[in-house]
There are 2 protein chains.
Amino acid sequence: MMSKRVNIADVAHAAGVSAQTVSRALNNKGEIRPETRDRILAIVDHLGYRPNTLARGLVTQKTATLGLVVPDIANPFFSEVTRGAEEAAHRAGYSLLLCNAHEDPVREVEALYTLEAQRVDGIVLCSSRLSEETFCTLMARLPTVVLVNRESSEGDLKSVRVDDEAGALCATRHLLRSGRRSIAFLAGPPASQGGQRRAQGYQLALSEAGVPGDPALTVACAPQLESGYSTAQQILTNHPEVDALLCYNDLVAVGALQACAALGRRVPEDVAVVGFDDILLAGLVTPPLTTLRSDKRGLGAEAVRLLLRKLAGCTDDCENVVLQPELIVRASAPAGPEQEETLHGPLEAIHHRRPRGDN
Amino acid sequence: MMSKRVNIADVAHAAGVSAQTVSRALNNKGEIRPETRDRILAIVDHLGYRPNTLARGLVTQKTATLGLVVPDIANPFFSEVTRGAEEAAHRAGYSLLLCNAHEDPVREVEALYTLEAQRVDGIVLCSSRLSEETFCTLMARLPTVVLVNRESSEGDLKSVRVDDEAGALCATRHLLRSGRRSIAFLAGPPASQGGQRRAQGYQLALSEAGVPGDPALTVACAPQLESGYSTAQQILTNHPEVDALLCYNDLVAVGALQACAALGRRVPEDVAVVGFDDILLAGLVTPPLTTLRSDKRGLGAEAVRLLLRKLAGCTDDCENVVLQPELIVRASAPAGPEQEETLHGPLEAIHHRRPRGDN
DNA sequence: TTGAAAGCGTTACCAT
DNA sequence: ATGGTAACGCTTTCAA
């Protein structure tokens with residue numbers, strides 16, 4: 001039925017040359033007479049020949065394919081990271097094999113095995129939830145890996161991440177400056193390194209200010225809206241004195257907003273809410289979220305760039321990359337009265353009046 | 001440095017059998033003595049051997065990999081579709097090669113060529129912006145394709161889509177019933193078949209109601225928030241009588257909400273706004289969006305299922321799938337006074353009080 | 001400048 | 001039940 005796929009031999013035959021010469025014409029490699037090359041390329045075009053990347057990969061030991069592992073592609077944070085990674089990969093002539101780890105370490109390991117079997121040239125691993133131990137065992141056999149939002153003690157493992165600690169520090173300071181005294185932290189998945197670092201920034205800000213940190217006010221939660229809702233509800237119920245919620249990400253923060261509404265707590269009058277990431281949603285809910293903006297696409301793009309540099313054998317200047325998040329002050333946690341006119345007042349107005357959607 | 005990758009010959013040697021037997025053990029295929037198999041599998045495990053899928057694909061002409069092409073992976077609609085597709089693919093033992101067409105027909109063709117070269121077993125092509133002509137030319141040479149949100153006259157090309165016409169019809173009727181008389185349509189990309197079908201539903205509802213359709217009230221726009229903003233602003237300025245905006249998708253609708261705010265038009269009092277898709281955002285903006293909910297993950301999952309059925313040679317029951325969207329009435333376009341207590345009144349309250357985020 | 005042969009790692013096919 | 005050989009489609013290496 002379907003005629004057999006045209007291969008390099010067919011092209012060679014049609015051009016009256018050897019397969020070798022066709023290969024040279026295609027890869028612009030080795031000496032070849034220009035007119036021969038042009039003739040061959042014309043035939044390639046006419047026959048609609050596409051080199052089989054499997055065969056090519058088998059011999060070159062390179063697939064021009066990268067693996068990308070994310071905890072949840074439907075999470076806006078990771079779809080932005082993915083977009084950035086895809087663009088950078090595409091620009092460099094690489095394809096992207098996407099794996100959704102589903103917030104599950106088992107699935108994550110599975111994904112890494114699959115990528116190994118597929119012989120991807122390198123892997124971008126986002127927000128890994130694996131233990132450091134599992135990690136080191138795996139890395140030994142995997143192709144080159146670059147981590148996103150996670151670091152590892154493992155030798156030459158490079159990473160790209162946002163400065164979680166600085167972000168949480170900045171946000172917590174902001175809350176303290178605006179007069180909040182009992183700040184709870186919705187910490188995200190315990191296995192998340194980002195969550196752990198944010199916890200440190202949060203603690204640091206508290207001790208700076210001489211505020212006694214109550215361990216009961218740091219509560220783990222899944223990185224989704226629903227979990228933010230239930231966790232915030234629980235915190236606000238058990239600790240009525242809480243007047244601010246620092247959230248693992250914007251989805252959790254939106255859930256927290258809804259919990260406040262459900263409990264009749266006004267935001268920001270009774271409770272201030274701060275998110276993390278500044279996804280599109282953040283500026284559009286009511287009240288708009290104060291949050292830490294991170295360059296999500298940049299994270300993905302930078303990870304791919306680092307990966308490609310490592311693949312190119314560039315060992316020297318491949319440093320870890322730490323991107324600084326930017327505090328975006330909106331109505332869910334405004335500046336206190338004393339800072340109103342100075343630091344963030346004007347910004348706030350700008351940030352939620354303008355149409356946005358592509359940050 | 002890095003020891004050579006272990007291959008099937010190494011395993012065979014270690015087990016004292018032929019490569020053939022190792023292959024049989026691995027694929028559970030052909031006759032093999034159970035104890036031999038177990039012994040081999042133990043060695044496989046011990047050596048950490050992973051079959052090279054390239055080599056396997058080269059000989060079997062199957063890669064266990066599907067291609068997914070989307071216009072924009074950062075668009076929440078498509079990241080949900082992707083999530084559904086990835087899950088279905090993973091469950092069936094397939095990997096997913098992701099291509100972002102970037103809302104650009106040229107990139108789309110490029111992506112299809114890449115997938116062809118990668119010898120994916122099949123392709124899920126979402127919301128293609130290609131002309132029917134380009135399309136037919138390409139399809140002839142591509143591996144099996146299933147379309148999402150697009151249909152084609154091309155022979156055996158199957159598709160999965162939402163019923164755009166029915167959705168737009170339903171939404172427009174809803175607006176008319178609630179007393180709106182001058183309804184504009186922000187139509188999305190002209191090349192979008194979904195947009196075209198929605199235009200038909202919109203027109204049909206207008207003629208049903210005997211409302212004269214003004215062609216100037218159907219305006220193309222990019223499927224993003226910013227474009228919704230500028231397009232709505234333009235419409236509302238040029239046609240002050242407009243009292244409702246039917247939008248291509250929820251992002252456009254949110255932009256339209258912002259335009260209304262900027263122009264001092266109250267929603268829904270002065271202008272009603274309706275979106276499409278019911279992405280997470282839709283229920284969380286102010287006012288919450290009335291919209292047509294589509295099963296985004298289901299779309300992706302169903303497309304993969306259809307694709308796999310076709311690959312399995314199942315030609316008979318592979319029908320096109322058309323999913324019905326569901327009108328979700330929220331405050332941006334409430335029911336009119338006369339329908340308040342009957343149809344949608346109670347629903348509305350439910351839809352924006354509950355925490356949501358995983359629809 | 002071009003071609004022939006070998007080999008990448010696996011499975012299919014036919015022997016044994 | 002197991003093994004040998006060829007083949008998948010390409011690039012690398014060497015020879016002409």
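A quick note: this is a predicted structure, and the numbers were derived from the prediction, not measured. First the proteins, then the strands, lettered A, B, ... as listed; each starts at 1.
B/Gln118 and B/Thr65 form no side-chain donor-acceptor contact under 3.5 Å, judged by distance and modelled atom types alone. In this structure, a donor-acceptor pair under 3.5 Å is absent between the side chains of A/Thr134 and A/Thr137.
Overall, the helix from C/dT1-D/dA16 to C/dT16-D/dA1 carries an axis bend of 40° between its ends, with five pairs at each end and the value rounded to 10°.
No N or O donor and acceptor, one from the side chain of A/Arg5 and one from the base of D/dG9, sit under 3.5 Å apart. Judged by distance alone with a 3.5 Å cut-off, no donor-acceptor contact links the side chain of B/Glu31 to the base of D/dT2.
The separation between B/Lys62 atom NZ and C/dG9 atom P is 23 Å, rounded to whole Å. Counting to the nearest Å, the C1' atom of D/dT11 and the NZ atom of A/Lys29 are 8 Å from each other. Spacing between atom NE2 of B/His13 and atom C1' of D/dG3 amounts to 15 Å, rounded to whole angstrom units. Between A/Asn7 atom CG and D/dC8 atom P the separation is 8 Å, expressed in whole Å. The nearest whole Å value for the distance from the CG atom in A/Leu26 to the C1' atom in D/dT12 is 16 Å. Atom CD of A/Gln61 is separated from atom P of C/dG7 by 15 Å (rounded to the nearest Å). Atoms CZ (B/Arg24) and C1' (C/dT11) sit 10 Å apart, rounded to a whole Å.
Screening B/Glu80, B/Glu86, B/Glu302 for a salt bridge (charged side-chain N to carboxylate O under 4.0 Å, His left out) involving B/Arg297 leaves a single residue, B/Glu80.
Of the possible polar contacts, one joining the B/Arg150 side chain to the B/Ser128 backbone as a donor-acceptor pair under 3.5 Å is found.
An OP1 or OP2 oxygen of D/dT11 is reached within less than 4.0 angstrom by a side-chain nitrogen or oxygen of A/Ser23.
Only A/Arg33, A/Thr36, A/Leu58, A/Val59, listed by number, bring a heavy atom of residues 33-59 of chain A to less than 4.0 angstrom from any atom of DNA chain C.
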